[in-house]
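Hydrogens, waters and symmetry mates play no part in the numbers below; they use all other heavy atoms, side chains included. All ligand and atom numbering here is 1-based and tracks the order in the structure.
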Amino acid sequence: MKVAMDKLVSLCKRRGYIFQSSEIYGGMSACWDYGPLGVELKRNIKEAWWHANVRERDDMVGLDCSILMHRAVWAASGHEEGFADPLMDCKACRQRWRGDDVTDNRCPACGGELTEPRMFNLMFKTFAGPVEEEAATAYLRPETAQGIFVNFANVVDTTRKRLPFGIAQMGKAFRNEITTGNFIFRCREFEQMEIEYFVKPGSDEQWFKYWVEQRFNWYTSLGIKKDNLRLREHEKKDLAHYARSCTDIEYLFPMGWSELEGIANRTDFDLIQHSKHSGKDLSYFDPDTNERYVPYVIEPSAGIDRTALAILVDAYDEEPDKDEIRVLLRLHPDIAPVKVAILPLSKNQKLIPMAKEVHNAVRKRITSMYDDTQSIGRRYRRQDEIGTPYSVTVDFESLEDNAVTIRERDSMKQIRVPVAELVGTLERKLSGEPLEVLPPGGKYWLGFEE
Ligand code: GAP
């Protein structure tokens, strides 16, 4: 099912995933705060991306550049001059629009006449140092990519990497977006995960295709349904002036198909620009061919917030549950903020010490949560709604047989396993082992009334 955006926003707030920024003061438009569960979700997304794109590869290294950079970077990259959207105001209802969102020069809200488009630079301007003067102008970076280009020579010199190789970076970016909305889809402060992959000119289109496929598969590896993803190739006439090709990975969000990630063949544009503006040679000497050339760059550029939104939308599900509805997030175990909940059957004082002991054993290896409030049925539902893949219940029999039950979120089926087998069993289940595979001493279990 496709969840309505307002339903998801309400779940995220109710359960501590995402809050409006500065909410007690009426909110800061297009800025969002990640709550206790949201911060874990985001960390898991970043961890999955870093693993797949840096740690598991020989041809990639990481970088973490400062957000404030020399103003000349933005002159060279073209952002100071051209990172602008056309802005139009409705003369009747005063609503403000991005040119891209308008057809027929009429206000999409009321049909009123619009002003002529004015170009509006999306970079946030500030001043570095105590004096607010033109010479001290600095910008909050609108993308993480430029930090990679200006460090290209540093990385080549220090790592002795040979082409093809890539540099990955994730971090905050800022854009003074004209129109916002759709929750965390378009924010003024957001996070990007970007790769600049440097290749020999001539091999660029082959690497471009490779990265489109790699990046598409990364989203499905996180559990996002293939049917909700598609590739949109940009027509040549719509390409940015520096790009030779560009393909977006789009996701079917509640408001329709929209960009999740863009993969572009940026040619040698950025390195040449920075070479010209800085006076530093950013060419590469190829020891295999004894040639010197400026590499071409393939750039897969993703948004962390948009990935989080796609993951939440994709995982949301509802199913009939007696007279009620069971709401659940079918999150992939690698992404779920809490992997295991430890629940004593009741608040009975006899159960709590053992439940806490079990929690202490599990939490050393697996992100887990202890909860002994309300009935067991309500606690299971709460864990379903936040997407916890497994719940472990300590009951009165546990005090006798030293075994506990494991309940699976998606099927609600249960097994009973000896405490000595618990951590290993949970680790295997979280890695994809079917619930029905029992450890030594394990058995099927009918489960408690929910
Ligand atoms: N370096 C290339 C670049 O920044 P982009 O298409 O402008 O390209 C890349 O941005 C990705 O960053 C987008 O696909 C999207 O996931 C994310 N993104 C861009 N603007 C965003 C915004 N205002 N809010 C949230 N995510 C955004």
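- Nearest protein heavy-atom neighbour of atom 17 (C) of ligand 1: Gly303 CA, 3.7 Å.
- Of the heavy atoms in Glu299, only side-chain atoms (C-beta onward) come closer than 4.0 Å to ligand 1.
- Under a 4.0 Å criterion applied to the non-hydrogen atoms of Glu261, ligand 1 contributes the atoms 14 (O).
- Residues Ser77 and Gln146 have side chains that never bring a donor and an acceptor to within less than 3.5 angstrom of each other.
- No side-chain donor-acceptor contact under 3.5 Å links Glu318 to the backbone of Val327.
- The closest heavy-atom contact to atom 5 (P) of ligand 1, among the options Arg306, Glu189, Arg175, Glu143, comes from Arg175.
- The single protein non-hydrogen atom nearest to atom 12 (O) of ligand 1 is Gln192 NE2, 3.3 Å, given as residue, atom name and distance.
- The 12-atom threshold is not exceeded at CZ of Arg160, counting heavy atoms of other residues, nucleotides or ligands nearer than 6.0 Å.
- The nearest non-hydrogen atom to atom 21 (C) of ligand 1, considering only Tyr251, Phe190, Phe174, Phe83, comes from Phe190.
- Which parts of ligand 1 touch Phe185 is read off a 4.0 Å heavy-atom cut-off, strictly below it: atoms 24 (N), 25 (C), 26 (N).
- Near Glu194, meaning under 4.0 Å from any of its heavy atoms, are these atoms of ligand 1: 1 (N), 2 (C), 3 (C), 4 (O).
- Side chains of Arg141 and Trp74 form a contact here, defined as non-hydrogen atoms less than 4.5 Å apart.
- A heavy-atom distance below 4.5 Å is found between the side chains of Tyr293 and Leu163.
- Only the side chain of Ala145 comes within 4.0 Å of ligand 1, judged by heavy-atom distances.
- Among protein heavy atoms, atom 8 (O) of ligand 1 sits closest to Ser301 OG, 3.8 Å.
- The option with the heavy atom closest to atom 24 (N) of ligand 1, from among Cys246, Ala173, Ser77, Cys187, is Cys187.
- In this structure, Leu260 is part of the shell of residues with a heavy atom less than 4.0 angstrom from ligand 1.
- Under 4.0 Å from ligand 1, the heavy atoms of Glu259 that appear belong solely to its side chain.
- Of the polar atoms of Ile184, none of the N or O atoms is found under 3.5 Å from an N or O of ligand 1, judged by distance alone.
- Taking the side chain as every heavy atom from C-beta outward, Glu191 and Asp305 approach each other to under 4.5 Å.
- There is no side-chain donor-acceptor pair under 3.5 Å between Glu250 and Ser258.
- In this structure, the side chain of Lys429 engages the main chain of Val437 through a donor-acceptor pair within 3.5 Å.
- Of all non-hydrogen atoms in Thr179 and Arg186, the two that sit nearest each other are O-CD, 3.3 Å.
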